[in-house]
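Values below: all heavy atoms of this structure, side chains included; hydrogens, waters and symmetry mates excluded. Whatever order the structure lists ligands and atoms in, that order sets their numbers, starting from 1.
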Amino acid sequence: MSGHGAAIPMTSQKSGPLTGQADVPGDKSISHRSLILGALSVGETRIQGLLEGVDVLDTGKAMQAFGAEVISHGGGSWSVHGVGVGGFAEPDHVIDCGNSGTGVRLIMGAMATSPITATFTGDGSLNKRPMGRVTDPLTFFGAQSHGRSEGRLPLTIVGAAEAVPVCYTVPMPSAQVKSAVLLAGLNAPGQTVVIEKEATRDHTERMLVGFGAELTVEDSEEGRVITLTGQPELYPQDIIVPRDPSSAAFPVCAALIVEGSDVLVPNIGLNPTRAGLFYTLQDMGADLTFENMREEGGEPVADLRAKYSPNMHGIAVPPERAASMIDEYPILSVVASFADGITRMHGVKELRVKESDRIEAMATGLRAAGVTVEEGPDWWHVHGCGGSVKGGATAATHLDHRIAMSFLILGMAADQGMSIDDGVPVATSFPIFEPLMAHLGASIRRTEV
Ligand code: S3P
């Protein structure tokens with residue numbers, strides 16, 4: 001599959017103990033939102049610890065195309081001079097969001113209630129993903145969308161000249177859809193109401209309040225009811241981006257399966273809408289502890305310590321936990337391969353429409369590595385090998401960073417290592433993955449072609 005320059009095949013080999021400290025980069029979800037909300041406020045938002053992954057950099061370029069000034073000061077320090085709610089200018093070129101579903105969906109929402117037109121595209125992965133889930137509710141505000149079949153990119157949004165507020169129940173568990181509707185609601189007069197049946201990550205809600213919007217959340221029988229009052233003035237903020245629990249998952253899980261490991265991953269946010277993997281690993285018998293529990297910026301934060309855990313067992317992962325660990329199922333399936341017994345993952349249909357079909361991509365690679373996997377439309381079971389996984393295969397990564405990193409972690413503990421066809425996508429969310437894992441003692445090499 002194409003979408004970037006030349007592929008870089010990689011191989012990881014069975015590793016000695018992983019030890020030391022893993023300083024993972026900033027949270028991807030919060031980084032996108034910092035740039036977008038910074039662009040929608042009037043004045044200078046300063047951001048520390050921004051994830052400088054390709055996905056987020058693409059969102060930064062997009063904000064510039066809509067008229068904001070986005071400046072890097074080096075070392076994860078950025079500033080955004082915003083144009084205010086309703087202040088977006090019409091871009092004079094196509095907005096390329098690369099690999100990022102979060103980027104394109106949130107930006108489509110943010111521009112859909114301004115009287116401007118923008119065309120969006122992405123890479124070979126993003127251009128296959130469903131966009132109707134966002135463009136459908138945007139039409140209720142008065143926007144129009146013209147895309148390929150099933151609303152796929154490239155597509156053009158003609159923003160509503162006189163937007164009306166909406167009340168929308170999100171039909172699938174998706175923080176991106178919820179956020180797109182809320183961002184569109186910013187420039188609609190009156191109250192926009194979004195109802196989600198299951199709680200998904202709530203960074204947009206928290207950050208909108210932080211930027212000065214009037215937003216309330218109530219739990220009702222229908223679900224979480226989020227009410228936003230439109231056309232607020234958003235005030236620029238100083239933001240310190242917490243480290244990404246979804247990136248922390250990789251060194252944590254590597255430590256659990258590589259013999260003799262003991263790794264500290266400091267300063268990880270344990271927002272309940274994001275932390276499901278860590279509780280699942282504990283339920284499986286992982287030696288994973290939360291040290292130095294504290295609150296920072298209104299969020300629970302801890303240092304995670306993960307030690308080699310040879311006695312993990314498969315569990316039925318509670319489906320109601322799925323939204324809080326939706327990006328972590330690929331790496332969980334790797335840990336499950338080394339556990340005893342079957343890990344059953346249900347209620348995970350959304351995995352089929354991520355950067356790749358993640359059930360299919362993981363099942364195919366795991367089977368090639370000697371692991372038994374069963375799957376259905378919205379479930380999969382991984383049969384643990386009880387500590388010893390063969391490996392020795394090459395997994396196709398389908399332009400999906402989390403598939404690439406998951407198989408490289410598998411190779412660190414598998415008898416014959418593991419290869420991937422392309423490591424380039426890793427840089428979308430975790431640009432320092434290779435040096436960070438090498439620092440812990442892992443052996444990953446770029447394979448000659
Ligand atoms: C994200 C929401 C999730 C997640 C993605 C980031 C966000 O996607 O998988 O990596 O930042 O809002 P969905 O909204 O499609 O579940």
At what distance is the nearest protein heavy atom to atom 11 (O) of ligand 1, and which residue and atom is it? Ser29 OG, 2.7 Å
When you look at Glu375 and Arg352, which way does the salt bridge (charged side-chain N to carboxylate O under 4.0 Å, His left out) test go after all the steps? CA-CA 11 Å; Glu375 59 176 295; Arg352 299 255 180 221; 3.0 Å; yes
May I ask you to list the atoms of ligand 1 that are less than 4.0 angstrom from any heavy atom of Ile326? 9 (O)
With atom 8 (O) of ligand 1 as the reference point, say which of Arg129, Lys354, Glu355 has the nearest heavy atom. Lys354
Could you tell me which atoms of ligand 1, counted from 1 in the order shown, lie closer than 4.0 angstrom to a heavy atom of Thr102? 1 (C), 5 (C), 6 (C), 7 (C), 11 (O)
Take a 6.0 Å sphere around CD of Glu90 and say whether it holds more than 12 heavy atoms from other residues, nucleotides or ligands. yes
Sequence neighbours excluded, the answer for salt bridge (charged side-chain N to carboxylate O under 4.0 Å, His left out) partners of Glu52 is none
Atoms of ligand 1, numbered as shown, that sit under 4.0 Å from any heavy atom of Ser174: 13 (P), 14 (O), 15 (O), 16 (O)
Please state which option from Lys178, Arg33, His203 has its nearest heavy atom closest to atom 12 (O) of ligand 1. Arg33
Is it the case that Ser429 and His401 place a side-chain donor and acceptor less than 3.5 Å from each other? yes
Is a side-chain donor-acceptor pair under 3.5 Å present for His73 with Arg46? no
Atom 9 (O) of ligand 1: of Thr200, Asp55, Ile30, Asp327, the nearest heavy atom sits on Asp327
May I ask you to identify, for His32, whether its side chain, its backbone, both or neither come under 4.0 Å of ligand 1 on a heavy-atom basis? neither
With sequence neighbours left out, what residues match Arg344 under salt bridge (charged side-chain N to carboxylate O under 4.0 Å, His left out)? none
Test your reading of the structure: does Arg402 have an N or O sitting under 3.5 Å from an N or O of ligand 1? no
Using distance alone, decide if ligand 1 has a nitrogen or oxygen within less than 3.5 Å of any nitrogen or oxygen in Glu350. no
Parallel, tilted or perpendicular for His381 and Trp379, by the 30°/60° rule? tilted
Counting heavy atoms only, which part of Pro173 comes closer than 4.0 Å to ligand 1: side chain, backbone, both or neither? backbone
For Ile226, which of Thr192, Leu182, Val181 qualifies under side-chain contact (heavy atoms from CB on, under 4.5 Å)? Leu182
